[in-house]
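Input: a single structure, listed below in structure tokens.
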Amino acid sequence: MKLRSKIHLYSSVLFTVLLLLANATVYTMFSSMMLERELNNLAAETRQSATALRQADHNAALVELLRAYVPLNGMLRWVPEGADGGGTLVTSASETDLSRQAAVYSSEQKQHRLNIAGKSYGFVSIPVIGGDGAVANVQATASLEELKELLRILRLVLISVSAAVLIPVLVSSVVLGKVLMRPISAMTRTMRQIARSGEFVKLKQQGRSRDELVEMGETFNEMIGLLEESFAKQEQFVSNASHELKTPLTIIESYASLLKRRGLDRPELFEESIEAIHSEAVRMKGMTEQLLLLATSRREWKVEREPLELLPFAEQTAEFFRSAYKRDVRVAALDLADVTVSTDQDMLKQILFILLDNARKYSSEMIQLEVGRVQNAGYIRVRDHGIGIPAEDLKQVFERFYRVDKARSRDQEPVGGAGLGLSLGRELAHAISAELVLESVPSIGTTATIVIPIQASAGRSQ
Ligand code: ADP
């Protein structure tokens, strides 16, 4: 069953049942109260007439008194004990048929409703002691047709009021179903369209209301926006990655073919080819490692924090760099430099290597490593005096595969990067709750700073 029909069915059925229950309760309570009241009134009148009838000393006086006290639409009867079926009675003009009813003497007071020839009556019987000391009943029978008429009118009123209320309820439940279903159906249609065409489509939001359904539509649009963005990024990433891998592979392939064709005849080609193949292979290896790291979700990175003294750490890294690349790397301690931070040493080393590697690639003079402390954080700064980065490129260098000037790094030897280093560095920094800041002036040099909180906050890291 469709949701719209369910809403319609449940709301209208529930309301109808509640309305019927309420009406039935009102009707039953009212009718029983009214009947009770009628019988009590009749009993009071009967008691009054009994007081007078007890005084009657002969039959004529009795008949006179009965006539005086007979109910408007009914019968009043004096039934002496042992005179069942008989007694003395007087009926009102409209109820003469009642005289055919047989009298039954009862030693107790009785009061109930009677049905005679399809009509409703109230009946009251009161035992009394007559003036002569004999026991008798005063029995009154009074028509309840007026009460029946009143109840009939009440029934009519309740039924017509219920009908008058139910019609708008049924209409509004249909309208409610439609209003609720409109955005849901629109969303389903859009999802089907997306599934069929493979294109990201957003919902058209109508109206200015701020209800939950509009919020749901907005959330859906936000989600589609995010999916579209991440899909585009992924496409871009894959195309950039394959493009970047294609270049070294082409170089390797062409040198390998050259060796195959002429390698044996021209040994001087051998060294150049092997050198080129080796350096391209090294570059490809570095790039695939970075790509792999970037492709794994940050949640999969295991951050293992431990206390780390920044100054010895920086000196150790500088020493490694000096001997590996034969570059002048100097360490300087600034602002209370004996700072200890809580961090993942391997990840911090990776970031520092990326920064030192850039300083090495894009400068030729001495590289400076500064260690210091600001408020609740320690920092390591890599300062070079190289070509620098133009201001308009400074923000973009953190994007994957972004290189300031593709020609300048590529043609340089040793190999230029693929534009992945800084973006990986920033992701790693986020993982250890650190910050990576880059400042640069073209032709003067670049300063890259890693700011590491002394007490790691649990929030951002994993
Ligand atoms: P790459 O592996 O190409 O160096 P990065 O992401 O590390 O990639 O850097 C992106 C670009 O930013 C580099 O291609 C380079 O143009 C520029 N860059 C990064 N660091 C420096 C630096 N220290 N000096 C000058 N340019 C830099």
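Values reported hereafter were calculated over all heavy atoms of this structure, with side chains retained and with hydrogens, waters and symmetry mates removed. Remember, it's 1-based here, ligands and their atoms both numbered in the order they're listed.
Under a 4.0 Å heavy-atom criterion, Gly419 is in contact with ligand 1.
Near Tyr402, the atoms of ligand 1 lying under 4.0 angstrom from a non-hydrogen atom of the residue are 10 (C), 11 (C). Taking a cut-off of under 4.0 Å to the non-hydrogen atoms of Lys361, the atoms of ligand 1 that pass are 1 (P), 2 (O), 4 (O). Shown in contact with Leu422 at under 4.0 Å from a heavy atom are these atoms of ligand 1, numbered in order with element: 5 (P), 6 (O), 7 (O), 9 (O), 19 (C).
By the 4.0 Å N-to-carboxylate-O rule, Arg400 lies close enough to Glu427 to be salt-bridged with it. By the 4.0 Å N-to-carboxylate-O rule, Glu145 lies too far from Lys119 to be salt-bridged with it. Using a 4.0 Å cut-off between charged side-chain N and carboxylate O, Lys349 and Asp346 make no salt bridge.
In the candidate list Val397, Leu355, Leu394, Val397 is nearest to atom 12 (O) of ligand 1, counting heavy atoms. Proximity annotation for atom 4 (O) of ligand 1: of Tyr362, Phe398, Phe401, Tyr362 comes nearest, heavy atoms only.
The distance criterion of under 3.5 Å between nitrogen or oxygen atoms is met by Val404 with respect to ligand 1.
Between the side chains of Arg155 and Ser31, no donor N or O sits under 3.5 Å from an acceptor N or O.
By the criterion of a heavy-atom distance under 4.0 Å, the side chain of Thr446, and not its backbone, is placed next to ligand 1. Contact annotation: for Leu420 versus ligand 1, heavy atoms closer than 4.0 Å belong to the backbone alone.
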